[in-house]
Amino acid sequence: MGSNTSHGVGVVETAAATAAKVTDTAAAGDKPKCKACCACPETKRARDQCIVENGEENCTKLIEAHKQCMRDQGFKI
């Protein structure tokens, strides 16, 4: 059981860094190179873990980072 403090701070920073890397490498207007289920695994994993541990309302930064990563991969989200 333990404390109710969030352990996702490092995860937020990692997900944001990953999203930034994807933004740098993806050209605007490109078609997706993979299926949506396979895109942005780092931000997806961080987002999902945060939602399970803290609830969706407490994970808006990770949710937005994943959405941005998906957009950068060419998905319309």
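Under the 4.0 Å criterion applied to side-chain N and carboxylate O atoms, K67 and E64 are assigned as salt-bridge partners.
Residues passing the salt bridge (Lys or Arg N to Asp or Glu O under 4.0 Å) test with E56, sequence neighbours excluded: none. Every residue meeting the side-chain contact (heavy atoms from CB on, under 4.5 Å) condition with C38, not counting sequence neighbours, appears here in chain and number order: C34.
To the nearest 0.5 Å, the span separating CZ on F75 from NZ on K33 amounts to 11.0 Å.
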Which is it for Q68 and R71 under the side chain to side chain contact (heavy atoms under 4.5 Å, CB included) test, yes or no, and what are the steps along the way?
-> CA-CA 5 Å; Q68 186 60 52; R71 287 184 199 108; 3.5 Å; yes
Decide side chain to side chain contact (heavy atoms under 4.5 Å, CB included) for R47 and C59; before the verdict, give the C-alpha distance in whole Å, the side-chain angles of both, and the deciding distance to 0.1 Å.
-> CA-CA 7 Å; R47 177 205 64 186; C59 301; 5.8 Å; no
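Connectivity analysis of hydrophobic side chains (ILVMFWY, heavy atoms under 4.5 Å, direct or indirect) links I63 to I51.
Residues M70 and C40 approach most closely at N-SG, 3.6 Å, considering heavy atoms. Smallest separation of non-hydrogen atoms from C37 and K44: O-NZ, 3.4 Å. When all heavy atoms of C50 and N58 are compared, the closest pair comes out as SG-O, 4.1 Å.
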